[in-house]
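A short worksheet on the structure shown next.
In this text, all values refer to a predicted model and were calculated from it rather than measured experimentally.
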Amino acid sequence: MNHHQRRCGIRSASDLLGAVPYLLGFRPDNSFVALLLDADHLVLAAARADLDHPIDELARRLGEAFGPQTAGVVLLGYGPVPDADRLNTLIRVVRRDIVVKGGLWVADGEYRCVWDGCDCLARHGVAFDARATVSAARLTARGLVAAGSREELVAELAPDSVAQARIQDLLAAGHRIDAQAAVDDALWLGEQGKRLSDAQVAALVVALRRRELREQVWRATDDLPWQRQLWFDLTRRVPDHHVSVVAALAAWWAWRTGHELLARAALDRAVASGSPATLALIVAALVTARIDPESLPWPLSRAEVSALADLRSRVRPTGSPERGNRW
């Protein structure tokens, strides 16, 4: 489930469909997508699941996501051939609990209303280009991006073995560093949109072995776009057995901005280190417990940091949170 602190307003069906890839972070295919709306038709959250996932399970998980602000839901199907029966079955089950405000199927550059009994103009299909909509332009201006596919999105956190080897050589050389300067330089360069050199990455890895500097960096990471660029890049470049802290920071950013899929992919990298950092276990617990990022105060007090640390007991240290086809 992707939650959005900057809620997205929808004015039309085309506007809604243009927003979907940016709300999810990628262009869905062979998927059910649910958009939770408030009373003003602002999108509170977006979620997807594979088309072949059991309908009753999807409806149950979606019902768990409904909050006090949820006034309705739009259900969408994405696939080459409209499957009106499955979408209508999902609609019938979901509307036992909440108002369903629309049901559309998206395929081959058009959307089609497949809702039983509806005789709207979209019944026979309406052509549209999701990338040319007002919502797509607005969300792009906010810094949101839409990968071409789910796999392409997750690949943003895949290890770069060549870069990892270079940084491992620098770490093995054991150069002395100014740890505080390494952290300050990394954050400053990241905020300027500049990529860290291999030597700066290696110095940061060493610096983050100090607890007080890990906490400083954690407190400095909230939901700004430059932080995604910094921590995702380092998650790719840092060798596996050193990656846990930077991958946890990438997961923290992803969770804070509502991108659960990216948070889980980053946590997988943290777990691959063999000994996940405390921060990785905290973020894993937050994701597993499906806590709304907006409910967490920021910046955190030391007492709140300690309270979050207690969440570690909810996660196995040898594995990431449960994965699968989930809303």
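Between the side chain of D50 and the backbone N or O of H53, no donor-acceptor pair lies under 3.5 Å. For the pair R264 (side chain) and A251 (backbone), a donor-acceptor distance under 3.5 Å is absent. Of the possible donor and acceptor atoms, one in the side chain of Q164 sits under 3.5 Å from a partner among the backbone N and O of V238. Between the side chain of W218 and the main chain of L249, no donor-acceptor pair closer than 3.5 Å is present. A donor-acceptor distance shorter than 3.5 angstrom exists from the side chain of R236 to the backbone of A158, with no hydrogens or angles considered.
Minimum heavy-atom separation, G103 to L87: C-CD2, 4.2 Å. Considering all non-hydrogen atoms of both residues, K101 and A71 come closest at CE-O, 4.0 Å. For the pair P239 and I167, the tightest heavy-atom approach, listed with the atom from each and the gap, is CD-CG2, 3.8 Å. Smallest separation of non-hydrogen atoms from S135 and A19: OG-N, 3.2 Å. Nearest heavy atom pair, residue S244 against residue A277, reads OG-N, 2.6 Å. Heavy-atom minimum distance, L281 versus P276: CD2-CB, 4.0 Å.
With sequence neighbours excluded, the residues satisfying side chain to side chain contact (heavy atoms under 4.5 Å, CB included) with A250 are L157, W231, F232, T235, A266. Residues satisfying the salt bridge (Lys or Arg N to Asp or Glu O under 4.0 Å) criterion with E110, sequence neighbours excluded, are R112. Scored by the salt bridge (Lys or Arg N to Asp or Glu O under 4.0 Å) test, E212 finds R210 as partners (sequence neighbours excluded). Partners of D56 according to the side-chain hydrogen bond (donor to acceptor under 3.5 Å, both in side chains) rule, which considers only residues two or more places apart in sequence or in another chain, do not exist here. Applying the ring pair (Phe, Tyr, Trp, His ring centres under 6.0 Å) criterion to F26, with sequence neighbours excluded, gives no partner residue. Taking the ring pair (Phe, Tyr, Trp, His ring centres under 6.0 Å) definition, one finds that F66 meets it with nothing, sequence neighbours left out. With sequence neighbours excluded, the residues satisfying side-chain hydrogen bond (donor to acceptor under 3.5 Å, both in side chains) with Q180 are D184, Q216. Looking at residues two or more places apart in sequence or on another chain, you find no ring pair (Phe, Tyr, Trp, His ring centres under 6.0 Å) involving Y78. Shown here are the side-chain hydrogen bond (donor to acceptor under 3.5 Å, both in side chains) partners of R228, two or more places apart in sequence or in another chain: E156.
The distance from atom CG of L16 to atom NE2 of H41, rounded to the nearest 0.5 Å, is 10.5 Å. Distance check: L17 CG to T133 OG1 gives 8.5 Å after rounding to the nearest 0.5 Å. Taking CG from L90 and CG from L62, the interatomic distance works out to 7.5 Å, rounded to the nearest 0.5 Å. With rounding to the nearest 0.5 angstrom, the CG atom of L234 is 10.0 Å from the CD atom of Q229. One finds the CG atom of L51 at 5.0 Å from the CZ atom of F32 (value rounded to the nearest 0.5 Å). Note: L187 CG to L230 CG = 7.0 Å, rounded to the nearest 0.5 Å.
Residue pairs satisfying the side-chain hydrogen bond (donor to acceptor under 3.5 Å, both in side chains) criterion with at least one member in residues 87-96, sequence neighbours excluded, are listed as follows: N88-D116, T89-R92, R92-D116. Note on residues 174-196: no pairs pass ring-ring contact (aromatic ring centres under 6.0 Å, His included), not counting sequence neighbours. Within the structure, the salt bridge (charged side-chain N to carboxylate O under 4.0 Å, His left out) test picks out the following pairs touching residues 161-180 (sequence neighbours left out): R166-D198.
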- [ ] For D233 and R195, run salt bridge (Lys or Arg N to Asp or Glu O under 4.0 Å): C-alpha distance rounded to whole Å, both residues' side-chain angles, the deciding distance at 0.1 Å, then the answer.
- [x] CA-CA 8 Å; D233 180 54; R195 193 169 190 243; 3.0 Å; yes
- [ ] Using the side-chain contact (heavy atoms from CB on, under 4.5 Å) rule, take L23 and V43 through it: C-alpha gap first, then chi angles, then the decisive distance, then the call.
- [x] CA-CA 9 Å; L23 298 177; V43 177; 3.8 Å; yes
Task: R150 and R48: CA distance, side-chain angles, deciding distance, side-chain contact (heavy atoms from CB on, under 4.5 Å) verdict - done: CA-CA 11 Å; R150 193 170 186 264; R48 76 157 290 280; 3.5 Å; yes
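Grouping the Ile, Leu, Val, Met, Phe, Trp and Tyr side chains by contacts below 4.5 angstrom, directly or via other members, places L170 apart from V206.
Side-chain atoms of P28 and V20, non-hydrogen and from C-beta on, do get closer than 4.5 Å to each other. Between Y111 and S14, the closest side-chain pair of non-hydrogen atoms falls below 4.5 Å. Put simply, the side chain of D38 does not reach to within 4.5 Å of the side chain of T70, judged on heavy atoms. Taking the side chain as every heavy atom from C-beta outward, I91 and V93 never approach each other to under 4.5 Å. L37 is listed as a side-chain neighbour of V74, based on a closest heavy-atom distance under 4.5 Å. P80 places a side-chain heavy atom less than 4.5 Å from the side chain of N30. You'll find the side chain of R269 reaches within 4.5 Å of the side chain of P159, heavy atoms only. When side chains are defined from C-beta on, L279 does not count as touching R214, because their heavy atoms never get closer than 4.5 Å.
Side-chain contact check for S197 and Q200: at least one donor-acceptor pair (N or O, by modelled atom type) lies under 3.5 Å. A donor and an acceptor atom, one from each side chain of D223 and T257, are nowhere located under 3.5 Å apart.
Using cut-offs of 30° and 60° on the angle between ring planes, the pair W253 and H259 is parallel.
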